[in-house]
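Below, chain A is the first sequence line, B the second, and so on; all start at residue 1.
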Amino acid sequence: MEWAPLSLLEERITNLLRGRTGRTMKDGGWEKRTHYCGTLRTSDVGREVVLNGWVQTRRDHGGVIFLDLRDISGLVQVVCNPEVSPEAHAAARQVRSEYVLSCRGVVRARPEDSVNPRLPTGEVEVMAEKVTVINSSLTPPFEIEPGSGVEETLRLRYRYLDLRRPDMQEALLLRSRVTQEVRNFLISRNFLEIETPILTKSTPEGARDFVAPSRLQPGKFYALPQSPQLFKQLLMVAGFDRYFQIARCFRDEDLRADRQPEFTQIDLEMSFVEPEDVMSLMDEMFAHLFRSVLGVELPVPFPRLTWREAMERYGTDRPDRRWGMEMQDYSRLFRETEFKVFRSALEKGGRVRGFKVAGMRSPARRELDGLVDEARRLGAGGLVWMVRDGEGLKSPAAKFLSLPETEGVVRAAGLEEGEVLLLAAGGEELNAVLSGLRSYCAQRYAPRPDERFSFTWVTDFPLFEWDEEERRYKSNHHPFTAPSAGCLEYLEERPLEATSDSYDLVLNGVELGGGSIRIHDPELQRRVFGILGLSEEEAAEKFGFLLEAFRYGPPPHGGIAFGLDRLVMIMAGRESIREVIAFPKTQSGSDPLTGAPDVVYPEQLRELRLRPI
RNA sequence: GGAGCCGUGGUGUAGUCAGGUUAACACGCCGGCCUGUCAAGCCGGAGAUCGCGGGUUCAAAUCCCGUCGGUUCCGCCA
């Protein structure tokens, strides 16, 4: 990251200032800018300009003093020469890093041998006539410069300084552009942006709620929304046809690099649609977004996998398909094997599955041992590696394998000399092991993929999953997800076999978001609640308002929601959503800047009729 | 709830494994010199009870126990 101009803003700033005269304006002792620092070019030579900004660096040569003045658009060098303006030079002597200045001067071409090719403004400089200190600054606790080698707590404690760095400014500019283009696109497709409550009602299912006590009704609580799900469905009942919102959501769960307690969703819902309508529109939206914001053409439509296929081929419902390394089932080859590990797994109804490691050729024993260790760490009983070695295979299992088995493996996997196949035997738990190993291999061995952004739809998720702890079925997505049409007959009999009209969008192995067609038939909704173990009374108590609304002519509808933070994180090439959120929280949910969360005054508790336990 | 890693002048790190002089280096900061630098340069200076508490030891940044904070992951969470 350099002090390049923020290309995202460049055009906007240029337009803003076009047509302005070069004259400066007085306003209470400091002069308002006529130009942004980072926009000055040789075409401005000869102009008198006024700049407002922060001192990035000061280089004092005893005679001449150079100031790099920074604003949102970038840097420009201001030259304070005592022979040109003794006043400006005298003022510049007092100046320190991060002082806020107003500088008036004339743009001139730099002497040829002092052009700075590393700066967009490097061909010009401003000869200062007047330098006004608008505000001084303490020495900042860390240096305001590209890159962020500073401890994160300190950055967060002084976030307003951290946000002065170009990395952060660029990330937040990108974020602003993304939300702007989402709005542009959706509004052009007849979506209405409608806000929904932040103080709302707690709902069962899903994540732990954040809760806000009610003063007017002591002992009662609002919950902050985990998503605007129910409201957007009510908006469909209301006939708005197409809704969207850049919505803040709250979930009181443990944090991760890609999870904050409050986060932002691009949330939308449409009436009279099938999955196809939603997915193809979203293909268009992302194509528009990446084209307009990043100048990247995405190949659309995005490829699709059913959940079943994804699990079979990648062992996960959010595959990063840039790495190849698809899994195959090799069970057929080992039906009669003497190799006990495989045979006993097969006899128990398990399978032998595995994949060829991309980018690994004739590895050292140490690397293979590393793979086995990783497999164990992921919970596998073991891992069998096989390396093509001439006509045969090098493998710990080699001596137990027959010639047809060996040949079969080589053929089925298309193993070439020195290539490595990993095999594991077992049941469904293999998915976690193999997909974990696949990521491990991707990071370590696979060649860098050509594709920067790899989107995949994953569809037809199971409707329910079994919660062992609570001994009941739970919704895989949420309780309003419509079962696939073909599953309606056996919902109650074989719930785990039922799939739903659902779809997730995966980008580079990150779950960007997901949605579904919703149930619009109150009777079917009741059946699903029944399977979830929600009694008529509970359902009425929790979602009665929705069920009631559904008695007044709900349209078929469906929608989707995307994690804006994750999207921007990937577009900006960052490793954590904290890097694309202006004021994020630490892993323990605190904000070192404000000190939140904090105790409140006893009076506040008394007013709410609350007492700590 | 669990596991790993990190915590040393303002900042980033070295030193910790193998305890032992005055805790080192770079950046920043302060002062001086310096009219073309842009990682300015040169000279000088200040600045750290090594996250906190306890223990072992003649001696602890270093070893042990606990604790706090940060971070990554599992659980949890769409």
Where protein sits on nucleotides 26-39 of chain B, one letter per nucleotide: B base, S sugar-phosphate only, - none, heavy atoms under 4.0 Å: -BSSSS--BBBBBS
If the sugar-phosphate is the primed atoms plus P, OP1 and OP2 and the base is the rest, what is the B/S/- string for nucleotides 69-78 of chain B, using protein heavy atoms under 4.0 Å? -SBBSBBBBB
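- Heavy atoms only, all atoms of each residue included: A:E269 and A:G559 are closest at OE1-CA, 3.2 Å.
- Side-chain N or O atoms of A:E87 include none that pairs as donor or acceptor with a backbone N or O of A:S85 at under 3.5 Å.
- In this structure B:U37 sits in no base pair that meets the Watson-Crick or G-U test at under 3.5 Å.
- The pair A:R304-A:E276 meets the salt-bridge criterion, with a side-chain N (NZ, NE, NH1 or NH2) lying under 4.0 Å from an Asp/Glu carboxylate O.
- Here B:A23 sits opposite no nucleotide as a Watson-Crick or G-U wobble pair (both hydrogen-bonding atom distances under 3.5 Å).
- As rounded to the nearest Å, B:G15 and B:A23 have C1' atoms that lie 8 Å from one another.
- Across all strands shown, B:G7 forms a Watson-Crick or G-U wobble pair, both distances under 3.5 Å, with B:C68.
- With rounding to whole Å, A:L154 atom CG is found 11 Å from B:U8 atom P.
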List every contact pair, protein side and nucleotides 13-15 of chain B side both N or O, where the distance is under 3.5 Å.
none

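- Residue-level contact check: A:I65 touches neither bases nor backbone, having no heavy atom under 4.0 Å from any strand.
- Here, B:U8 and B:G19 have their P atoms 23 Å apart, quoted to the whole Å.
- A:D44 has its side chain out of reach of A:V49: every pair of non-hydrogen atoms, C-beta onward, lies at least 4.5 Å apart.
- The base-pairing partner of B:C77, taking Watson-Crick or G-U wobble contacts with both distances under 3.5 Å, does not exist among the strands shown.
- B:C74 sits 47 Å from B:C38 when the P atoms are compared, rounded to a whole Å.
- Distance noted for atom P between B:U62 and B:G55: 14 Å (whole Å).
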